[in-house]
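The chain is numbered in sequence order, starting from 1.
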Amino acid sequence: AEDGLAARSTFPAAGPESGALYIVNDGLSDPRLHNFRIVLTQANADWMESGYNFMSNDPVPATVIFRDQDIYYDVGVRFKGSLAGRHAEGKAGFRVKFNADQLFNGMLDNASVDRSALVPMSRLPETLILLAMYRAGGAMSKYSDMINVVIPMPSNHNGPAQLQLGHYSDAFLDAQFDNGGDGDLFEFEYIYYPTSELSGGYKNYGSSGSNTRPAMQDWGGDKENYRNTYLIKNNRAEDDYSGLINFVQVMASSGSAFDDRIDIVADVDQWLRYFAYGVATALSDNFVRGDNHNAYFYRRPSDGRFLYFTHDLDHKPGTPGLSPRNAYHQKMVNADPGWERLYYAHMRDILETAWNTTYMQTYTDQFRALIPTGTWSSFLSRIGDIHDAISSDLAGAVAPAYPFAVTSGSQTVPTLSTTVSGDGWLDVYAIYLDGQDTPLPLNWTASGSGSSRTYAWSATVPLEPGVNTLSFLAYDYRGN
């Protein structure tokens, strides 16, 4: 455009370099899904897949057309994922960066197209797992939409995909926690590297290569020792690894060094909830199953303790079972009978409220209508098999349900506090002294083993001079 003074401007601002493109009737829309069409020049499409370029994080200009009506110009597109996934036709995903003048859905500056969550369909789709997490609660994860992605490239990357919105971005963290974006976020991942070269000595990224899989170890106080395994995802200008290093050193310890410090550096209740989700899905190739990758660690600003966020829940299920498959999970369960009991309680709640065929069939039926080629009946059957196997293990690990009880009886004490004790099964999540707004700090002990294992609680309660009549209220995880 040109005004009366011959001043010119373009829209989008970058002009021809903005990737402002359009396409007419390519015949690839799917009427059942939201279409997510990425339009780029043939030259840029060829460049992205040539040689070692597909490992580049430098975006190329493109236009995105969403739902066949919402048009976003001047976006940047690149492949996403590790060396193991980017080279795979039909599985590779894309990272899309939106212009600040036109955010996606009016609020997001980026989104990810993840095809590995739905391709191949022999894998339990991550979307089903996330829906179970949303239903059972107590966990935060990415919000995703089912889409049909269309992108003109030499390889075939079209078809059903998961559109990951927000990921674990600062927008996500700010919505979940006070000043959430101030907390440091790290991705725990393998170190991938190529094992061959192209002509001219360039690294050959055209094959899956190999990787190094370091466990959580105490590598001293130099952050450079941690940088390649714990990828800093936000607050990069500060480059602060101090909290992470302290957390990793505790996680790598054992015995009393672990038992006495882990609740200081990590929210154990939150970790056990997330571990229960991971074990319940029986996924392989994931941190919760003992692999040293596919996890996010987040330092919560309010107390400095680290939280565990699941990631990349799209691999083939392994053998289901209740026992921890992750060494850090096992150490937490072993550290305190109360944490063992808490893990079992989380698992019971997840199985009863969400991870069962009665609830999940609602979604497998809906997805069958959206993606008829999917093996949704098999997925539902698999969920049922996992549910039944873990439920059986749980019945063999804990005594059948017994009522909440106060067993310590009446007492006379010369102090303004006393210890009260009782019994509590897996349905007890918190105990309140009637009239108090906060739950009592509890100590738990266990007796027996297997299907005879029971748990007893004790708590120190305040007293007033004279006769005190104390009433205790027990609540489950749902607040009942």
Kindly say whether [Y] contributes a backbone atom to a donor-acceptor pair with the side chain of [X] at under 3.5 angstrom?
X: Trp355; Y: Ala280; result: yes
X: Asp476; Y: Gly479; result: yes
X: Arg236; Y: Ile232; result: yes
X: Tyr72; Y: Asn105; result: yes
X: Asp174; Y: Gly181; result: yes
X: Asp240; Y: Ser242; result: yes
X: Thr353; Y: Asp349; result: yes
X: Gln102; Y: Ile71; result: yes
X: Asn286; Y: Arg289; result: no
X: Gln270; Y: Tyr308; result: yes

Is there a side-chain contact between [X] and [Y] (heavy atoms, below 4.5 Å)?
X: Tyr134; Y: Met140; value: no
X: Pro12; Y: Tyr73; value: yes
X: Gln249; Y: Val265; value: no
X: Val113; Y: Ile147; value: yes
X: Asp285; Y: His293; value: yes
X: Thr229; Y: Glu189; value: no
X: Pro125; Y: Trp376; value: yes
X: Asn35; Y: Arg67; value: no

Locate the shortest heavy-atom distance separating [X] from [Y]; write the atom from each residue and the value.
X: Asp222; Y: Ile245; result: C-CD1, 4.4 Å
X: His311; Y: Ala295; result: CB-N, 4.2 Å
X: Val333; Y: Pro324; result: CG2-CG, 4.3 Å
X: Val60; Y: Met48; result: CG2-SD, 3.6 Å
X: Pro152; Y: Ala45; result: O-CB, 3.3 Å
X: Phe98; Y: Leu108; result: CB-O, 4.1 Å

Set of side-chain hydrogen bond (donor to acceptor under 3.5 Å, both in side chains) partners for Thr41, sequence neighbours left out: Asn44

Sequence-distant partners of Asn234, side-chain hydrogen bond (donor to acceptor under 3.5 Å, both in side chains), two or more places apart: Asp170

Using salt bridge (charged side-chain N to carboxylate O under 4.0 Å, His left out) as the criterion, list what pairs up with [X], not counting sequence neighbours.
X: Asp74; result: none
X: Lys80; result: Asp114
X: Arg368; result: Asp365

State plainly whether the residues [X] and [Y] are in salt-bridge range, i.e. N to O under 4.0 Å.
X: Asp30; Y: Arg32; answer: yes
X: Asp68; Y: Arg37; answer: yes
X: Arg78; Y: Asp58; answer: no
X: Arg305; Y: Asp303; answer: yes

Step-by-step ring-ring contact (aromatic ring centres under 6.0 Å, His included) determination, Phe188 to Tyr296: CA-CA 6 Å; Phe188 186 41; Tyr296 277 77; over 10 Å; no

Pair listing, side-chain hydrogen bond (donor to acceptor under 3.5 Å, both in side chains) test, anchored in residues 3-14, at least two apart: Glu2-Arg8

Exceeds 12 heavy-atom contacts within 6.0 angstrom, atom CZ of Phe367: yes

Heavy atoms from other residues, nucleotides or ligands near CD of Gln217 exceed 12 (cutoff 6.0 Å): yes

Arg273 to Tyr477, cation-pi by 6.0 Å centre distance and 45° axis angle: yes

Quiz item: cation-pi between Arg299 and Phe247, 6.0 Å / 45°: no

When the ring centroid of [X] is compared with that of [Y], is the distance short of 6.0 Å?
X: Phe297; Y: Trp271; result: yes
X: Tyr475; Y: Tyr429; result: no
X: Tyr226; Y: Phe186; result: no
X: His157; Y: Phe79; result: yes
X: Phe275; Y: Tyr343; result: no

Which value, rounded to the nearest 0.5 Å, describes the distance between [X] atom [atom1] and [Y] atom [atom2]?
X: Ile371; Y: Leu33; atom1: CD1; atom2: CG; value: 5.5 Å
X: Ile38; Y: Met153; atom1: CD1; atom2: CE; value: 9.0 Å
X: Thr357; Y: Ile386; atom1: OG1; atom2: CD1; value: 12.0 Å
X: Met360; Y: Leu131; atom1: CE; atom2: CG; value: 6.0 Å
X: Tyr363; Y: Leu128; atom1: OH; atom2: CG; value: 10.0 Å
X: Thr281; Y: Ile383; atom1: OG1; atom2: CD1; value: 10.0 Å

Polar side chain donor-acceptor pair, Gln330 to Asn326, under 3.5 angstrom: no

His34-Asn148 side chain donor-acceptor pair, cut-off 3.5 Å: no

How are the rings of [X] and [Y] set relative to one another: parallel (under 30°), tilted (30 to 60°) or perpendicular (over 60°)?
X: Phe177; Y: Phe309; answer: parallel
X: Tyr274; Y: Tyr277; answer: perpendicular
X: Phe287; Y: Tyr328; answer: parallel

Steps toward side-chain hydrogen bond (donor to acceptor under 3.5 Å, both in side chains) verdict (Glu352, Asn356): CA-CA 7 Å; Glu352 287 192 354; Asn356 56 71; over 6 Å; no

Candidate pair Thr127 and Gln162, rule side-chain hydrogen bond (donor to acceptor under 3.5 Å, both in side chains), full reasoning: CA-CA 8 Å; Thr127 304; Gln162 180 177 271; 2.8 Å; yes

